[in-house]
There are 2 protein chains.
Amino acid sequence: MSVEHTILSILSFWPSTGYDIKSEFEHKAAGLFWGMSYGSIYPKLKKLEEEGFIYPIEQEEDGRKKKLYELTPKGWEEFENWLQLPPAYPVIKDELFMKMATWHDDMDFSILIGHLQKRKEETEDLLNFVKEWPTNGYSYVSRTAMLSIRYAKIRLEAELKWIEESIYALENDDLPNGQDPNQNTEKLLERRRKAINGEKET
Amino acid sequence: MSVEHTILSILSFWPSTGYDIKSEFEHKAAGLFWGMSYGSIYPKLKKLEEEGFIYPIEQEEDGRKKKLYELTPKGWEEFENWLQLPPAYPVIKDELFMKMATWHDDMDFSILIGHLQKRKEETEDLLNFVKEWPTNGYSYVSRTAMLSIRYAKIRLEAELKWIEESIYALENDDLPNGQDPNQNTEKLLERRRKAINGEKET
DNA sequence: TTCCGCATGTAATCTGTTACATGATTAC
DNA sequence: GTAATCATGTAACAGATTACATGCGGAA
């Protein structure tokens, strides 16, 4: 998904400044699914204007001047054509799972448990936000947006459940059985031991 | 998470070539959580070697020469220090949810349903892979890796459930109620109508 | 009067991908 | 013999972030 189309999406709700767009991702629900920096936003707004997808409305509000951007007919068309293209499958890039998958049997589990506990708190915070958002009294949430928020809720709840199970398993040494047809755990630990001992000897 | 640490992670399992590392993300479970291209891998391997984290083992196997890389003691240390750093919270960058949240009430829902159906198939494929992986008889899956895989399973199942609910809601016009304190839906549709009609008149 | 939030913008940098070049071996 | 897979690598490019520069208005 391109930054350009994301900007068109935001502008489809209401005319916005570059600063507004950034805030949308910083403090609001859009930030759950996307993000971008000023260094991307302002140059892209310029480009979108040059290409005729958006146009600026100079505003003098409270004596403070700002540049609201609005979609042109061509901009609406581009936006809606993009909506109809099938979305790419998302990549789950999660450092926690990478680290977990690669944790050695003889490394301290308490650190991994700490990582999980931190994730638990973060997930709980997000879940609270997601639950309150659609009934906070002032935010605009369309009916289809409710479906997106429902997804976030379902997913975060599933994640929490998993975190709690995992912490329990690690604390009580009740881990599921893996699969190790070539005695890899042993080989791995042996390679590691050799490397570390070799270091100490020198 | 950096490419460098990801490479160290892969090498912690067993010495590998650049090609092996790429395969790990292409055909195996690691690809669920991460990915990278040759254009990143080979230069990084070079860099990691120069910095003393890995060293090459030239191999003449079946007459075919390849360069296996192994961790140095310094490499093991760097890898394990990295494991202990708290992982960053993952960003959920998902075009489907962005598109869904921004779908207009007077745009054809059948296209959105099509997007969901496509996602459903992709998710089912992944889920099948995730279920078979830990019992396929040849892959190495450590006990902590089993926890990661469990997460993928729980999450994909939650996703499937949500997709099915959403398709049902869209097909039967049974969408949840949103929140619209400022009549934004109306304003939005009006802005859009004006832009599109204005276009047709000119 | 000082700090914070609003507001716009750029230059340097970073990080990674795509596309290409090359060549050996193996399976059909 | 020819297509697929194994294997290594680079150059050009794309995409985005970080850090900086600038300035107004309102609150404490």
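Below, chain A is the first sequence line, B the second, and so on; all start at residue 1. All of these numbers come straight from a predicted model, not from anything done at the bench.
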Specify the separation, in whole Å, of atom OH of B:Y38 and atom P of D:dA12. 22 Å
At less than 4.0 Å, is any side-chain N or O atom of B:K65 found next to OP1 or OP2 of C:dT25? Yes or no. no
Output the rounded distance in Å from CD (A:Q59) to P (C:dC6). 16 Å
Measure from the side chain of B:V3, starting at C-beta and using heavy atoms only, and say which of D:dG9, C:dG16, C:dT10 lies closest. C:dG16
On the 0 to 90° scale, with breaks at 30° and 60°, tag the A:W103-A:H115 ring pair as parallel, tilted or perpendicular. perpendicular
Please report the distance, rounded to the nearest Å, between NZ in B:K66 and C1' in D:dA7. 9 Å
Ion pair B:R192/B:D106, N-O distance below 4.0 Å: yes
5' priority, DNA chain D, between B:H27 and B:K93 [closest heavy atom]: B:H27
Test: B:D94 and B:R119 ion pair at under 4.0 Å: yes
Run the numbers on B:F79 and B:L11 for side chain to side chain contact (heavy atoms under 4.5 Å, CB included), then give the verdict. CA-CA 10 Å; B:F79 164 62; B:L11 296 186; over 6 Å; no
Here the distance between atom P of D:dA16 and atom CD1 of A:I21, to the nearest Å, is 14 Å
Does the side chain of B:K46 get closer than 4.0 angstrom to OP1 or OP2 of D:dT10 through an N or O atom? yes
On DNA chain D, does the nearest nucleotide to B:S23 precede the nearest nucleotide to B:L45 from the 5' side, or the other way round? Give the residue. B:S23
Roughly how many Å is it from NZ in B:K47 to C1' in C:dT15, rounded to a whole number? 11 Å
At 4.0 Å (heavy atoms only), tell me whether A:G18 reaches a base, stays on the sugar-phosphate, or touches nothing. sugar-phosphate
For atom NZ of B:K67 and atom P of D:dA7, their distance in whole Å: 14 Å
Phosphate-side-chain proximity, B:S40 and C:dT17, N/O vs OP1/OP2 below 4.0 Å: yes
Working note: A:E78 + A:H5, criterion side chain to side chain donor-acceptor pair (under 3.5 Å); need CA distance, chi angles, decisive distance, verdict. CA-CA 8 Å; A:E78 177 61 30; A:H5 286 119; 2.9 Å; yes
Short side-chain N/O contact from A:Y19 to OP1 or OP2 of C:dT8, under 4.0 Å: no
For C:dC6 and A:K22 - does any side-chain N or O of the residue sit under 4.0 Å from the phosphate oxygens OP1/OP2? no
Figure out the CG/P separation between B:D20 and D:dT8, and round it to whole Å. 7 Å
Grab the NZ-P distance between B:K44 and D:dT8 for me, whole Å please. 18 Å
Report yes if at least one side-chain N or O of A:Y42 is closer than 4.0 Å to OP1 or OP2 of C:dT8; otherwise report no. yes
Heavy atoms from C-beta onward define the side chain here; which of D:dG9, C:dT17, C:dG9 lies closest to that of B:M36? C:dT17
Does D:dT8 have its OP1 or OP2 closer than 4.0 Å to a side-chain nitrogen or oxygen of B:T17? yes
